[in-house]
Every structure is written in structure tokens, then in C-alpha cells.
Protein chains: 2
Amino acid sequence: MIRNSIQVLHAQGYKVTRPRLQVVEILGKAQKPVSPYEIQKMLKQQGRYLNHVTIYRVLELLCHLNLAHKLPSEKGFIKCILGNREGCHRFMICHKCGAIQEYADDKLCRNEKEIAGEIGFHTQYHVSESYGLCSSCYKGELAGNV
Amino acid sequence: MIRNSIQVLHAQGYKVTRPRLQVVEILGKAQKPVSPYEIQKMLKQQGRYLNHVTIYRVLELLCHLNLAHKLPSEKGFIKCILGNREGCHRFMICHKCGAIQEYADDKLCRNEKEIAGEIGFHTQYHVSESYGLCSSCYKGELAGNV
DNA sequence: TATCTAAACGCAATAGTATTGCATTTAGAT
DNA sequence: ATCTAAATGCAATACTATTGCGTTTAGATA
């Protein structure tokens with residue numbers, strides 16, 4: 001994550017700064033979406049400090065570079081695990097443990113665009129989030145641990 | 001919209017109150033997503049007043065009853081035009097004029113669930129938003145009115 | 001390695017968004 | 001007309017987000 005981010009930042013002409021690396025590091029460790037202020041708190045626990053405005057700006061850049069994604073319905077950000085793969089990135093979100101699974105599927109994209117096309121709508125990008133239970137939480141439910 | 005909402009509220013044992021009807025009326029007229037505070041402003045222009053907390057609560061209820069939807073990435077709410085149809089409601093959003101098109105498609109749902117199932121994820125509901133240009137805005141772009 | 005500059009950051013102020021608890025009001029049942 | 005649980009209004013508070021501007025710094029150049 002860090003290594004790749006440095007590469008991308010450099011390649012696109014953006015400076016490799018301490019705040020940027022710190023945010024990337026947090027995202028890299030996080031197992032669920034984190035908000036700008038959560039990132040700030042996490043850094044604080046490490047004895048570090050970043051202004052929240054800076055964090056907002058870093059996250060905006062990372063999303064722009066496809067190194068992270070914003071999950072609107074969660075108000076949080078997560079690292080992108082698909083690399084700079086083209087097309088729509090989709091998410092499965094376990095609303096028990098908060099775990100995120102990122103995926104992409106060309107067939108789904110085609111189908112969505114097809115339906116849109118029928119009414120003359122020209123799709124540019126999607127936001128797709130599936131909510132449910134991840135396999136381990138689902139097993140937990142079955143076992144009666146509600 | 002109003003008539004149907006009254007029916008649903010009543011049927012589900014919720015009171016039919018003035019604030020609820022006023023919010024429903026605003027949503028019914030709106031051609032794009034509106035935030036709680038926007039609703040408050042619109043009512044103000046009509047010489048009416050609702051506390052923003054009330055508006056939040058009304059919207060929450062309307063979503064619960066499937067009479068409205070929240071569009072997370074837009075931070076706004078829109079009326080549901082599909083009725084109490086089961087399944088995932090999807091949206092196409094024109095980011096030029098803000099127009100919303102709501103639709104549902106069982107095949108897409110099945111496909112998404114299928115993919116999720118492969119990794120043991122149990123989908124309960126989706127959030128799906130396609131961003132692009134509606135047919136009239138697209139024509140406008142082609143005509144050079146950028 | 002020192003110098004330089006555009007880019008990035010920190011700070012302060014401010015605006016917008018959202019939630020909670022509690023007192024008051026009211027829909028609608030009797 | 002009366003009554004009560006449900007709903008609303010109010011006040012306080014917390015969280016989220018944006019903007020402008022002065023200061024710092026990454027990294028290019030010599």
C-alpha cells in the first residue's frame with residue numbers, strides 16, 4: 001500500500017509528504033471505513049498530529065488517484081484494493097462487524113449501462129454497495145449468537 | 001403521493017400529522033434529492049415552520065415505510081416512485097441537472113447476490129447509484145452547450 | 001549541499017449536518 | 001368531551017465540512 005502509493009503520487013506529479021504517508025498507513029491497516037476525524041484520533045493515539053483539513057485534502061487526493069474510495073453511506077474512506085483497475089468498484093459491507101469486501105464485475109456494469117441506455121441515460125460511473133452479513137458473521141447468527 | 005402516504009401511515013399504525021404531510025408534499029414536488037435543511041427552507045418560503053429535528057424524524061419514518069429513499073452520496077432524500085415494490089431500488093442521477101430516475105431490476109439483484117454468495121456474503125439490501133447524463137443533458141452536451 | 005519556489009500544510013473562523021433528552025402538544029381512540 | 005401514547009418543539013451539544021491566508025516544506029536546480 002505505502003510503496004504503491006509513493007509510486008503513484010510521484011508518477012502523477014504529487015509530492016510525497018509525511019501527512020499523506022500517515023493517512024495511507026492508517027487506511028492500509030483499517031479493516032473498515034474510517035472517517036477523517038477517526039483517522040485523526042487514530043493518529044493521536046500514536047502521538048502524531050494532523051489537522052483535520054489536511055486529512056480531508058489527503059483523502060480527496062487519494063480518491064482522485066484511485067488509491068482510496070469514499071463510501072458515502074458510511075461516511076468513511078477505505079483503501080482501494082483493486083489497484084488502478086478500470087471500471088466501477090463495488091463493495092460488500094457487513095453491518096455486523098463492519099468488514100468491507102471490494103470487488104469489480106464487468107458484467108454488472110454492462111447490464112446497468114444497458115438498462116440506463118434504454119431510457120437514454122448515459123452512465124459515467126456507479127456507486128454500488130451491498131449490505132448484509134459476511135460469512136463468519138452469518139455463521140455466528142446461525143449458531144444463535146444474536 | 002399524499003393520498004398513498006396517508007394510507008400507508010394509517011395502515012402501519014402511525015399518526016397522520018401535519019409535519020408528516022408537509023414533508024411528503026415537499027418530496028412529492030421535488031425533482032431532485034432534498035436535504036432535511038433544504039426542506040425546512042422550502043417550507044419557510046411557504047410561511048410554514050418545522051423544527052429540523054422533526055424533519056429528520058419524519059424522513060426516517062418515510063424511508064422505513066419505503067415512501068422515500070435516502071441517497072447517501074447526495075445527502076438528500078427523494079420520494080419513492082416504485083411503490084412498495086420489493087427488492088432493491090436503484091437510481092440514475094444526472095449530475096448536470098440533478099434529475100433522478102428510479103428503477104428496479106431483478107436480474108441485477110440476482111447477479112449481485114450470486115457474486116456475493118460465491119465468497120459467502122449474505123446480501124440483505126443494496127445501494128446502487130449510477131451517475132451520468134440524462135438524455136436531454138446528453139443532447140445538450142453534443143450540441144456544444146457545455 | 002545550499003538555494004529557491006510552487007505545492008502542501010496548519011490555523012482560525014465559520015457554516016452545515018446530525019443527535020439527544022425533556023417538556024409540551026396533539027392525533028385519534030374511547 | 002376526555003384521555004393517553006405518540007409526536008413535536010426546543011435547547012443544548014457534537015460531529016462534519018469548507019474557506020482563506022500565512023507558514024512550512026518537498027524536491028528540482030545549480
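Between A/Y138 and B/H122, the angle of the ring planes stays under 30°, which puts this pair in the parallel group of the 30/60° scheme. Note on ring orientation: taking the six-membered ring where Trp is involved, the planes of B/H64 and B/Y14 are perpendicular (angle over 60°, cut-offs 30° and 60°).
Proximity of B/Y49 to the phosphate of D/dC10: a side-chain N or O atom is located under 4.0 Å from OP1 or OP2. Between A/T17 and C/dA7 there is no side-chain N or O to OP1 or OP2 distance below 4.0 Å. Between D/dT25 and A/R18, no contact under 4.0 Å exists linking OP1 or OP2 to a side-chain N or O.
Regarding B/R48, its CZ atom lies at a distance of 18 Å from the C1' atom of D/dG9, rounded to whole Å. When rounded to the nearest whole Å, the span between CG of A/L59 and P of C/dA8 equals 15 Å. Protein atom NE2 of B/H52 is 14 Å distant from nucleotide atom C1' of D/dT16, rounded to whole Å. Rounded to whole angstrom, the span from the CZ atom of A/R57 across to the P atom of D/dT25 amounts to 15 Å. Note: NE2 (A/H10) to C1' (C/dA7) measures 14 Å, nearest angstrom. Across the protein-nucleic acid pair, B/Q22 atom CD and D/dG9 atom C1' stand 14 Å apart, rounded to whole Å. In this entry the distance linking NZ of A/K41 with C1' of D/dA14 reads 10 Å, nearest Å. The CG atom of B/L43 sits 15 Å away from the C1' atom of D/dG9 (whole-angstrom rounding).
Taking CE from A/M1 and NZ from A/K29, the interatomic distance works out to 12.5 Å, rounded to the nearest 0.5 Å.
Residue B/V58 places its side chain closer to D/dT8 than to any other of D/dT8, D/dA5, C/dA8. Of the candidate nucleotides C/dC11, C/dA7, D/dA17, D/dA17 has the atom nearest to the side chain of A/P36. Closest to the side chain of B/V16, out of C/dG10, D/dT25, C/dG28, is C/dG28. The listed nucleotides are D/dA17, D/dA7, C/dC9; the one nearest the side chain of A/P19 is C/dC9. Of the candidates D/dG9, D/dA6, C/dC11, the closest approach to any side-chain atom of B/K15 belongs to D/dA6.
Heavy-atom nearest nucleotides on DNA chain C were determined for A/V53 and for A/G13, and the one closer to the 5' end corresponds to A/G13. Nearest-nucleotide positions on DNA chain C place A/I55 closer to the 5' end than the other of B/S35 and A/I55.
Side-chain atoms of B/Y37 stay outside donor-acceptor range of the base of C/dA15, with no qualifying N/O pair under 3.5 Å.
A pairwise comparison of heavy atoms in B/I26 and B/Q46 identifies CD1-NE2, 3.7 Å as the closest pair.
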Pair A/R3, A/I6 - check side chain to side chain contact (heavy atoms under 4.5 Å, CB included), show working. CA-CA 5 Å; A/R3 189 176 296 269; A/I6 292 177; 5.9 Å; no
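Judged by Watson-Crick or G-U wobble contacts below 3.5 Å, the nucleotide D/dT25 has C/dA6 as its partner.
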